[in-house]
Amino acid sequence: MSKKHIEECVRESLLGYFRDLGGETPDGMYDMLLRLVEKPLLEVVMQQADNNQSRAAEWLGLNRNTLRKKLLEHKLL
């Protein structure tokens with residue numbers, strides 16, 4: 001899957017989100033989107049890294065402690 005494909009999926013999802021709002025004003029979209037994207041990202045990367053936090057942190061470009069904090073925030077540990 002290319003970066004372009006992921007970008008297009010996000011764009012289409014956001015357009016659908018605005019359609020579903022039916023003209024209502026959105027609130028807190030930035031934090032909402034980061035939260036909704038971060039959890040599946042962490043789930044997939046941890047699975048692909050065989051739950052090796054050091055490897056997953058390296059792949060994500062994060063400090064291992066930061067990854068662990070995020071995993072706890074999303075109740076993935």
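Keep in mind that this is a model prediction, so the values were computed, not measured.
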Legend entry - Exceeds 12 heavy-atom contacts within 6.0 angstrom, atom CD of Glu73: yes
Inset, instruction - Could you pull out all residues at least two apart from Arg11 that satisfy salt bridge (charged side-chain N to carboxylate O under 4.0 Å, His left out)? - result: Glu7, Glu8
Legend entry - Chi angles and distances behind the side chain to side chain contact (heavy atoms under 4.5 Å, CB included) call for Val10, Val37: CA-CA 9 Å; Val10 171; Val37 170; 5.5 Å; no
Inset, instruction - Looking only at non-hydrogen atoms, find the nearest pair between Leu76 and Leu42 and report the distance. - result: CD1-CB, 3.8 Å
Inset, instruction - Report the distance from atom CG of Leu71 to atom CG of Leu77, rounding to the nearest 0.5 Å. - result: 4.5 Å
Pair up each side-chain donor or acceptor in residues 14-28 with any protein partner under 3.5 Å, not counting sequence neighbours, and list the distances.
none

Inset, instruction - Hydrophobic side-chain clustering at under 4.5 Å (ILVMFWY, transitive links): who's grouped with Tyr30? Put none if nobody. - result: Leu34
Legend entry - Partners meeting salt bridge (charged side-chain N to carboxylate O under 4.0 Å, His left out) with Glu38 (sequence neighbours left out): Lys70
Inset, instruction - Apply side chain to side chain contact (heavy atoms under 4.5 Å, CB included) to Leu60 and Thr66, showing your working. - result: CA-CA 11 Å; Leu60 291 165; Thr66 301; over 6 Å; no
Inset, instruction - Would you please name every residue forming a side chain to side chain donor-acceptor pair (under 3.5 Å) with Glu12, sequence neighbours left out? - result: none
Which donor-acceptor pairs under 3.5 Å do side chains of residues 43-57 form with protein atoms, sequence neighbours excluded?
residue, atom, partner, partner atom, Å
Asn52, OD1, Ser54, N, 3.1
Asn52, OD1, Arg55, N, 2.8
Gln53, OE1, Arg64, NH2, 3.3
Arg55, NH1, Ala49, O, 3.0

